[in-house]
Student: 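The structure that follows is given in the form of structure tokens.
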Amino acid sequence: MSTPPFPRPGLPSAGPRPGPSTAAHGGTPAAGAVPPPGCPAHAAGAARLYGPEASADPMGLYERLRAEHGAIAPVLLEGGVPAWLLLGYDEILQVARNPRRFARDPRLWRDRREGRIPDESPLAPVLAWRPDCISQDGREHLRLRGAVKDSLERFDRRAIRRAVHRRAHRLVDAFAGAGQAELVGQFALSLPMMVLTDLYGLPEEEGAQLVAASRQLVGGTRKALEADRHIHQILGRLVAAKHLAPGPDPASWLIAHEAALSDDEVRQHLRLVLVLAHEATTNLVVDTLRMVLTDPRFRGTLHGGQMTLPAAVEQILWDEPPLTVLPARFPRYDMEIAGREVREGDLLLLGLAAGNADPATGRTTGQEMYGNRSHLSFNSGPHECPGQDIGRAVTGSGIDTLIARLPDLRLAVPEEELTWTSSSWSRRLDALPVRFTPRHDRNPFARPPPARGRRPETGAGAGTPDGAGGAARTEPGRLWRRLRGRVQPG
């Protein structure tokens with residue numbers, strides 16, 4: 001049975017209770033009530049992490065908050081939900097690396113625990129408790145994270161790159177002859193998810209649906225809950241299929257892992273990897289492509305210049321993290337952080353982009369950081385992203401393929417005309433229009449036509465490279481079609 005958005009297990013409070021309830025979703029006091037003392041909503045200058053200002057200039061917003069409040073600032077999420085945003089590099093590391101003081105378990109969130117956050121909140125898919133490793137602390141976290149980490153490490157990295165090249169070539173084939181393209185919608189949005197569907201052993205037609213659902217979920221829109229349910233349905237069918245026909249893929253590895261995950265835990269971790277990897281890698285691909293097309297340090301590389309593609313990826317991870325804000329930590333007791341009184345159960349957000357730009361580090365935004373991976377873009381401490389190297393591989397190999405096929409790729413509009421849309425968690429480039437010389441080069445991964453008199457290969461595994469998706473797609477198409485019609489998450 002699927003987990004409700006905000007289960008209320010009745011965990012004991014680690015500190016004193018606040019005063020009367022505020023309005024559930026609007027961030028303003030209910031009739032006859034006031035916000036709880038010490039709540040971020042009390043602090044003057046609480047800023048919205050979404051909307052026009054955040055979309056137009058998020059770094060400017062973070063710097064304004066830093067100037068007004070220091071290393072921690074009161075903010076509002078979609079729906080007026082109050083939180084604290086950590087802006088200091090050292091403060092973020094201290095919180096991320098100290099689970100004894102700062103829990104990851106969202107069941108400790110006081111506003112949710114006391115009924116001020118409704119179950120239908122669009123923040124539920126991101127902030128709700130689930131039986132996955134990022135919602136746990138201690139031994140349970142180690143058990144679940146160990147299973148995920150072991151499964152990701154079983155991938156053949158060369159096979160992943162072959163899968164990326166194959167998918168990237170197919171995407172480029174669709175527009176190479178046109179002489180123009182929009183690289184967000186026609187390349188960056190699809191590439192990570194299509195590679196993930198290969199690695200998961202999912203039928204190809206599920207990829208486009210997962211792209212749309214993942215974006216809705218992380219965007220915090222009203223469709224987030226519906227999108228989350230759709231992702232669970234697809235992954236529930238996948239887990240059922242892998243019980244019947246296991247293969248070299250994450251679902252099969254998680255099912256067979258010595259940590260003895262339940263089917264619900266398997267599905268939740270497949271969802272976790274899918275959603276976070278897609279959102280982060282898509283944004284990393286888009287922002288690196290924009291840098292490739294606009295930064296003279298990189299453009300020169302095409303002709304023997306200064307910056308390599310891996311260096312460009314790391315520079316983007318410093319200057320424009322694919323997830324600008326990361327949820328969430330919850331103080332286990334009342335305490336002071338950077339001079340501010342923070343209550344037990346308050347919602348703390350890690351401002352990754354703000355922390356990377358913290359003047360206290362001695363670094364300025366845009367400063368070249370060749371070879372330096374001490375940025376915060378993949379979190380730190382026990383919950384540091386275990387799949388970050390896969391994200392780098394997808395980004396580097398995908399962009400490398402695109403440039404090799406279209407070497408005269410250039411931006412089709414002035415850079416200042418590019419626009420962004422932000423949620424509380426990330427900033428997305430709306431479009432990246434480009435022009436290039438039309439090309440009709442042969443795709444080296446294109447499947448040759450079948451020999452006369454021979455039926456072409458069919459089924460989920462046809463034409464996929466060994467080790468990444470090809471062997472993973474072992475379930476027959478008939479099995480998947482049968483499961484698609486009847487299997488629900490359970």
Side-chain angles (χ1 to χ4, degrees), residues 1-5 7 125 128-136 140-141 143-155 163 192-214 217 225-278 386-387 390 459-461 464 468-490:
M1 183 175 296
S2 60
T3 306
W129 181 89
R130 283 182 167 76
D132 60 33
C133 60
I134 66 168
S135 293
Q136 313 286 346
E140 191 65 1
H141 168 256
R143 177 180 75 90
L144 296 173
R145 179 183 169 87
V148 174
K149 189 171 183 292
D150 290 346
S151 298
L152 293 178
E153 287 178 350
R154 291 185 67 172
F155 280 126
M193 188 62 79
M194 292 303 174
V195 172
L196 283 168
T197 58
D198 281 348
L199 300 180
Y200 274 26
L202 278 164
E204 184 169 331
E205 62 269 19
E206 303 286 9
Q209 299 179 49
L210 289 169
V211 168
S214 176
L217 189 153
L225 291 173
E226 180 184 348
D228 197 32
R229 285 191 290 269
H230 184 64
I231 291 172
H232 276 290
Q233 289 170 358
I234 292 175
L235 296 179
R237 293 193 293 266
L238 176 65
V239 174
K242 292 304 177 181
H243 272 293
L244 297 174
D249 57 78
S252 301
W253 295 331
L254 288 172
I255 289 169
H257 196 274
E258 63 182 3
L261 275 65
S262 67
D263 280 3
D264 189 25
E265 289 172 336
V266 172
R267 187 179 72 249
Q268 294 286 354
H269 285 92
L270 293 173
R271 169 197 177 274
L272 176 66
V273 172
L274 185 107
V275 172
L276 290 183
H278 177 252
I390 295 178
T464 54
R473 294 169 174 266
T474 56
E475 72 275 5
R478 287 175 301 191
L479 170 62
W480 184 264
R481 287 192 294 273
R482 176 161 52 87
L483 290 165
R484 181 180 181 125
R486 70 179 192 183
V487 175
Q488 303 296 322

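For the numbers below, each heavy atom of this structure counts, side chains included, while hydrogens, waters and symmetry mates do not.
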Student: Atom CG in Leu270, atom CD1 in Ile234: separation rounded to 0.5 Å?
Tutor: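 Leu270 CG to Ile234 CD1: 12.0 Å, rounded to 0.5 Å.
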Student: Given the rule in the side-chain contact (heavy atoms from CB on, under 4.5 Å) test, do Leu210 and His278 qualify, once you have shown the distances and angles that lead to the verdict?
Tutor: CA-CA 9 Å; Leu210 289 169; His278 177 252; over 6 Å; no
Student: Judged by atom type as modelled, is there a donor-acceptor pair below 3.5 Å linking the side chain of Arg143 to the main-chain atoms of Ala259?
Tutor: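 Yes.
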Student: Roughly how far, to the nearest 0.5 Å, is the CD atom of Glu226 from the CD1 atom of Ile231?
Tutor: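 Result: 11.5 Å between the selected atoms.
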Student: So, do Leu152 and Pro250 sit near enough that their side-chain heavy atoms are less than 4.5 Å apart?
Tutor: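 No, their side chains stay 4.5 Å or more apart.
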Student: Using every non-hydrogen atom in the two residues, find where Ala251 and Lys242 come nearest and quote the distance to one decimal.
Tutor: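 Taking Ala251 first and Lys242 second, the nearest heavy atoms are CB-CG, 3.7 Å.
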Student: Using side-chain contact (heavy atoms from CB on, under 4.5 Å), reason through Asp263 and His243 one step at a time and then give a plain yes or no.
Tutor: CA-CA 10 Å; Asp263 280 3; His243 272 293; 2.8 Å; yes
Student: Heavy atoms only: give me the nearest Glu265-Ala260 pair and the separation to one decimal.
Tutor: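 Looks like OE1-O, 4.3 Å.
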Student: Starting at CG of Asp249, measure out to CZ of Phe155 and round the result to the nearest 0.5 Å.
Tutor: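 With rounding to 0.5 Å, CG (Asp249) is 7.5 Å from CZ (Phe155).
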Student: NE2/His230 to CG/Leu225 distance, rounded to the nearest 0.5 angstrom?
Tutor: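 Taking NE2 in His230 and CG in Leu225, the distance rounds to 15.0 Å.
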Student: Is any side-chain heavy atom of Gln136 closer than 4.5 Å to a side-chain heavy atom of Leu144?
Tutor: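 In contact.
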Student: For Pro203, is there any backbone N or O sitting under 3.5 Å from a side-chain donor or acceptor partner on Glu206?
Tutor: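 Not a single qualifying donor-acceptor pair exists.
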Student: Let me know which of Asp264, Leu254, Leu274 forms a side-chain contact (heavy atoms from CB on, under 4.5 Å) with His269.
Tutor: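 Passing option: Leu254.
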Student: With rounding to the nearest 0.5 angstrom, report the CZ to NE2 distance, Arg271 to His232.
Tutor: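 If we round to the nearest 0.5 Å, Arg271:CZ and His232:NE2 are 4.5 Å apart.
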Student: Within the distance-only criterion (no hydrogens, no angle test), does the side chain of Ser151 pair as donor or acceptor with the backbone N or O of Ala147 below 3.5 angstrom?
Tutor: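 It does hold such a pair.
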Student: For the residue pair Pro248 and Trp253, establish whether any side-chain heavy-atom pair is separated by less than 4.5 Å.
Tutor: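 SC-SC contact between Pro248 and Trp253 confirmed.
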Student: Just how far is it from atom CG of Leu202 to atom CE of Met193, taken to the nearest 0.5 Å?
Tutor: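 The distance works out to 9.5 Å.
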Student: Look only at the side chain of Ser135 and the backbone of Asp132, and say whether a donor-acceptor pair between them is shorter than 3.5 Å.
Tutor: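 The answer is no, because no donor-acceptor pair under 3.5 Å joins these two groups.
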